[in-house]
Amino acid sequence: MRNIGILLSGRGSNFVAIADSIAAGRIPDARIAVVISNKPDAPGIAVACKRSFEALVIASKGKAREDHDREVAASLKQHGVELVCLAGYMRLLSPWFVQQFPRRILNIHPSLLPAFPGLEAQEQAFAYGVKISGCTVHFVDEELDHGAIIVQKAVHVRDDDNERTLAARILEQEHLAYTEAINVVLDGKFEIVGRRMKLRTQNSG
Ligand code: GAR
């Protein structure tokens with residue numbers, strides 16, 4: 001059984017999508033060992049409690065980044081977590097934290113990276129006037145929204161879209177993309193060459 005740890009700060013719909021995928025057998029042989037929020041009032045942590053997951057608030061407010069990260073990492077390790085999934089975790093991770101889980105931290109971002117990193121990516125894309133946007137699941141490295149890409153899904157921008165309708169269609173794809181990416185990483189049948197993550201086929205060994 002592979003133990004997944006979820007870090008979130010808000011609504012938690014990506015966490016719920018991952019939980020539902022596990023429950024439905026779309027992510028086999030895995031469980032969510034712990035859900036951690038850095039925000040006491042995150043709706044996602046209330047959902048985690050209601051669904052009887054191990055749910056913790058480790059508040060980040062007023063703490064130095066690495067001090068907070070050390071508390072979070074200790075809890076993840078205590079729960080035997082081997083894969084950390086950031087699901088709307090709106091806090092930069094320290095290099096120290098990233099090094100604790102090499103190629104074992106995933107993030108989801110609501111744009112086709114490297115376009116529109118940072119906050120409110122869907123609004124940025126809409127305002128820029130792009131015709132195609134989407135979402136990206138990537139490994140986390142020391143830079144913001146930067147590590148090697150695992151899965152991307154494209155979403156066409158319609159003429160009658162606004163920021164809200166576009167974000168909603170991107171979110172549907174996020175939920176699919178995260179399950180796909182988790183399966184790729186847990187299966188381990190990939191290699192990373194430069195920035196490129198390539199699936200290993202049977203013939204490539
Ligand atoms: C999602 O759209 C996710 O891609 C985004 O926050 C939202 C969280 O929603 N993450 C980022 O922008 C990270 N840079 P959720 O709490 O319902 O999963």
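Not measured: the values here are computed from a predicted model. Whatever order the structure lists ligands and atoms in, that order sets their numbers, starting from 1. One is the number of the first residue; the rest follow in order along the sequence. Computed from heavy atoms alone, side chains included, the values below leave out hydrogens, waters and symmetry copies.
- Using modelled atom types, one side-chain atom of Ser94 and one backbone atom of Phe97 make a donor-acceptor pair closer than 3.5 Å.
- Within ligand 1, the atoms closer than 4.0 Å to a non-hydrogen atom of Arg11 are 9 (O), 15 (P), 16 (O), 17 (O), numbered from 1 in the order shown.
- Here Lys63 does not pair with Asp69 in a salt bridge; the nearest charged N to carboxylate O distance is not below 4.0 Å.
- Following chains of ILVMFWY side-chain contacts shorter than 4.5 Å, one can reach Val184 starting from Ile182, so the two form part of one hydrophobic cluster.
- Between Glu191 and Arg196, no side-chain nitrogen of the basic residue sits less than 4.0 Å from a carboxylate oxygen of the acidic one, so the salt-bridge criterion is not met.
- Among protein heavy atoms, atom 16 (O) of ligand 1 sits closest to Gly12 N, 2.7 Å.
- Judged by distance alone, with hydrogens and angles left aside, the side-chain atoms of Asp161 form a donor-acceptor pair with the main-chain N or O of Arg158 at under 3.5 Å.
- Between Glu120 and ligand 1 there is no heavy-atom distance shorter than 4.0 Å.
- The protein non-hydrogen atom at the shortest distance from atom 5 (C) of ligand 1 is Pro110 CD, 3.8 Å.
- Contacts with ligand 1 closer than 4.0 Å are made by side-chain heavy atoms of Asp145 only, the backbone lying farther away.
- Below 4.0 Å from some heavy atom of His109 lie the following atoms of ligand 1, by number and element: 4 (O), 12 (O), 13 (C), 14 (N).
- Closest to atom 15 (P) of ligand 1 among all protein heavy atoms lies Ser13 N, 3.4 Å.
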For the pair Arg26 and Asp20, evaluate salt bridge (Lys or Arg N to Asp or Glu O under 4.0 Å) and give the outcome as yes or no after the intermediate values.
CA-CA 8 Å; Arg26 291 189 296 271; Asp20 288 349; over 6 Å; no

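- Counting the atoms of ligand 1 from 1 in the order shown, those under 4.0 Å from a heavy atom of Gly88 are 6 (O), 8 (C).
- A donor-acceptor contact closer than 3.5 angstrom links the side chains of Asn14 and Glu174.
- The closest approach between a heavy atom of Ile108 and any atom of ligand 1 is below 4.0 Å.
- Both tests hold for Lys77 against Phe101: distance to the six-membered ring centre under 6.0 Å, angle to the ring axis within 45°.
- At a 3.5 angstrom cut-off on N or O pairs, Leu171 does not count as close to ligand 1.
- Close N/O approach between Glu174 and ligand 1 is found [any backbone or side-chain N/O within under 3.5 Å].
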